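First, the structure itself, so that you have it in front of you.
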2 protein chains.
Amino acid sequence: MAPALMFDIDRSSPTPLYFQLARAIEGAITGGALPAGSRLDNELLLAQRYGLSRPTVRRAVQELVDKGLLVRKRGVGTQVIQPHVSRSVELTSLYEDLARSGASPTTAVLSLERVPAPVDVAGELDLPEGEELVVVRRLRSSGGEPLALMTNYLPGRFMPTVEDLTERGLYQYLRAAGVHLRVAHQRIGARMARAEEARLLGEPPRSAVLTMQRTAFDDVGQPVEFGRHIYRASRYDFETTLVGR
Amino acid sequence: MAPALMFDIDRSSPTPLYFQLARAIEGAITGGALPAGSRLDNELLLAQRYGLSRPTVRRAVQELVDKGLLVRKRGVGTQVIQPHVSRSVELTSLYEDLARSGASPTTAVLSLERVPAPVDVAGELDLPEGEELVVVRRLRSSGGEPLALMTNYLPGRFMPTVEDLTERGLYQYLRAAGVHLRVAHQRIGARMARAEEARLLGEPPRSAVLTMQRTAFDDVGQPVEFGRHIYRASRYDFETTLVGR
DNA sequence: GATGACCTTATGTCAGAACAAAGTATTGAC
DNA sequence: GTCAATACTTTGTTCTGACATAAGGTCATC
């Protein structure tokens, strides 16, 4: 039985109540107050204790179920799962992932030009073939070691500078340009590195690399970015959390 | 403006109303009745038309937003995104994925034995080191060509037979054994194939392969399966959909 | 003609209530 | 003592109702 944890719910704060509660419970889990396998108090009780309604509590719990931290079972209750802390792949750029985990990412812009859209990229970005695009090729390193080789395509209306892409990440530039990224489709595969890629990444020739292809959509459902990335398999992998019904 | 699509909502059916509505809208999108970029009717209107309440409609729409098919924007409405139909990676086995997509998967059980748990696997399954485990090594093919080499560990209480694993998938066996899989953490990487792996997969030696490590948890939050899989990169890749706030 | 205030529209958040369904525990009969 | 029916607990689904907030357009004013 879980102890009566006490969180502060600030009703005057603009952050939604369900989000405050979700964050508080998440903190209790990662902080160890709620060990793996322990049962959460039932929804009615939680609602009563914090002066919230059941739908609000349910939404907070749902948030954590989606994150893979809790498991619900009708007639039984809600339990804490292994706190594997695998921060599930979110809609963030590699740069942000690295910066948040304490690494100090650096970026070298290899090229930045404007070209007519190739057929395949035009299809991904839902633009007519030949439309002008911005193409940027970058080498991302962390801890002094190369990590990824990234090629990104943006519609021609964007005009990033080399400084934008060196100092911060591509996604930070897009946000500053008023773009709100909402959804992305991505495809992860593997293949052998080509000679130039291996050289840039500091890997032996013909070594295995992870490939990632991503198309990102903004909040009106329009594609705004298409990228083909290559990661050093020896230094990087993807973590995801899958949630069943 | 979207045409007045008409779905049947069956109130006597045991399937939840929000799910029926979600499936209907999804069908309209993939079927072409709702092209990419078109706006959905607003929630109040939808609720009125089908005799549902707004929360129910919202839940249905949310379902599709999570799937990456729709995008919501406050004050504006809900729009259909590119129907990329990248069925996001779900909590299913490779076998089910293949079977559903019309392929005819076959499985060869290479070995099936009981061994004391190695340190790393014991940690993943949250069991004491040395505890008896079931280990199964399988080669999955589709269309006559090898596709994946799979090594899976189960707690000793399970006793699958070679037939179980040949005729159906591992997850189907687990479900039949009364296990309800709920969450899985997985890690995707790449590396070079070892000699034996390349031989089994029918790839040239030292070619690139995709690796996947998965720990699956049941509905009481306990780990019940740990697997290390190797996929032929030339024939397989992972698709995911990321949804931002 | 540009800019700000205001209104409309649509989604976002929250409350309170009721019944359904599934799992567990208890109780009762044999 | 065993087993089945029953009661209880807890999450699942759905409703009604209300107010908040953001985006976009309109209109009047400067």
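The model shown is predicted, which means the values in this text are computed figures rather than measured ones. Proteins get letters first, then strands, A, B, ... in listed order; numbering begins at 1 in each. Because only heavy atoms are used, hydrogens play no part in the values below, and waters and symmetry mates are left out as well, while side chains stay in.
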Item to check | Carboxylate-amine/guanidinium contact B:D120 B:R228, below 4.0 Å | outcome: yes

Item to check | Nearest-nucleotide pick for A:Y18, side chain only, options being D:dC15, D:dA23, C:dT13 | outcome: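 Among D:dC15, D:dA23, C:dT13, the one nearest the side chain of A:Y18 is C:dT13.
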
Next on the checklist: Using a 4.0 Å heavy-atom cut-off, does B:L44 contact any base of the nucleic acid, only the sugar-phosphate backbone, or nothing at all?
Outcome noted: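 Nothing, no heavy atom under 4.0 Å.
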
Checklist entry - Is it the case that more than 12 heavy atoms not belonging to B:Q48 sit under 6.0 Å from its CD atom? => result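 Incorrect, the count does not exceed 12.
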
Item to check | Rounded interatomic separation in angstrom, taking CG from A:L64 and P from D:dT11 | outcome: 14 Å

Checklist outcome for this item: From CG of A:N42 across to P of D:dT11 the rounded distance in Å is 5 Å

Checklist entry - Toward the 5' end of DNA chain C, which comes first, B:G77 or A:V76, by nearest nucleotide? => result B:G77

Checklist outcome for this item: When B:P55 and A:G75 are each assigned the nearest nucleotide of DNA chain C, the 5'-most assignment goes to B:P55

Checklist entry - Nearest-Å distance, CZ (B:F19) to C1' (C:dA21)? => result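 Distance, rounded to whole Å: 17 Å.
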
Checklist entry - Rounded to the nearest Å, what distance is computed from the CZ atom of residue A:R74 to the C1' atom of nucleotide D:dC8? => result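 From A:R74 CZ to D:dC8 C1': 16 Å.
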
Checklist outcome for this item: Taking D:dA22, C:dA15, D:dT11 as options, the one with an atom nearest any side-chain atom of A:R72 is D:dT11

Checklist outcome for this item: In whole angstroms, the gap separating C1' of C:dC14 from CD of A:Q62 amounts to 17 Å

Next on the checklist: Do B:T107 and B:R140 pair up side chain to side chain, a donor and an acceptor below 3.5 Å, judged on atom types alone?
Outcome noted: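 There is such a pair between these side chains.
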
Item to check | d(CG, A:L21; C1', C:dT13) in whole Å | outcome: 14 Å

Item to check | Candidates C:dG12, C:dT13, D:dT11 - which lies nearest the side chain of A:E43 | outcome: D:dT11

Checklist entry - Is the shortest side-chain N to carboxylate O distance from B:E26 to B:K67 below 4.0 Å? => result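 Between B:K67 and B:E26 there is a salt bridge, with a charged N closer than 4.0 Å to a carboxylate O.
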
Checklist entry - At their closest point, which heavy atom of A:A216 faces which heavy atom of A:Y171, and how far apart are they? => result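 Shortest heavy-atom separation between A:A216 and A:Y171 comes out as CB-OH, 3.9 Å.
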
Item to check | Side-chain N,O (A:K73) to OP1/OP2 (D:dG12) below 4.0 Å | outcome: no

Item to check | Donor on one side chain, acceptor on other, B:Q79 and B:R72, under 3.5 Å | outcome: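 The criterion, which ignores hydrogens and geometry beyond distance, is not satisfied for B:R72 and B:Q79.
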
Item to check | For atom CD of A:Q48 and atom P of C:dA15, their distance in whole Å | outcome: 14 Å

Checklist entry - So which nucleotide from D:dA22, D:dA23, C:dT13 ends up closest to the side chain of B:R58? => result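 The closest nucleotide is C:dT13.
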
Next on the checklist: Please classify the nucleic acid contact of A:P16 as base, sugar-phosphate, or nothing, using heavy-atom distances under 4.0 Å.
Outcome noted: sugar-phosphate

Item to check | Distance below 4.0 Å between A:T78 side-chain N/O and D:dT11 OP1 or OP2 | outcome: yes

Checklist entry - Among the nucleotides C:dA15, C:dT24, D:dT14, which one has an atom lying closest to any side-chain atom of A:L52? => result C:dA15

Item to check | Presence of donor-acceptor pair under 3.5 Å, side chain of A:R54 and base of D:dG12 | outcome: yes

Item to check | Spacing between B:Y50 atom OH and D:dT14 atom C1', to the nearest angstrom | outcome: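 So the two atoms are 19 Å apart, to the nearest Å.
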
Checklist entry - Does the side chain of B:T56 get closer than 4.0 angstrom to OP1 or OP2 of D:dC15 through an N or O atom? => result yes

Checklist entry - Of B:L17 and A:P14, whose nearest nucleotide on DNA chain D comes first from the 5' end? => result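 Nearest nucleotide further toward 5': that of B:L17.
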
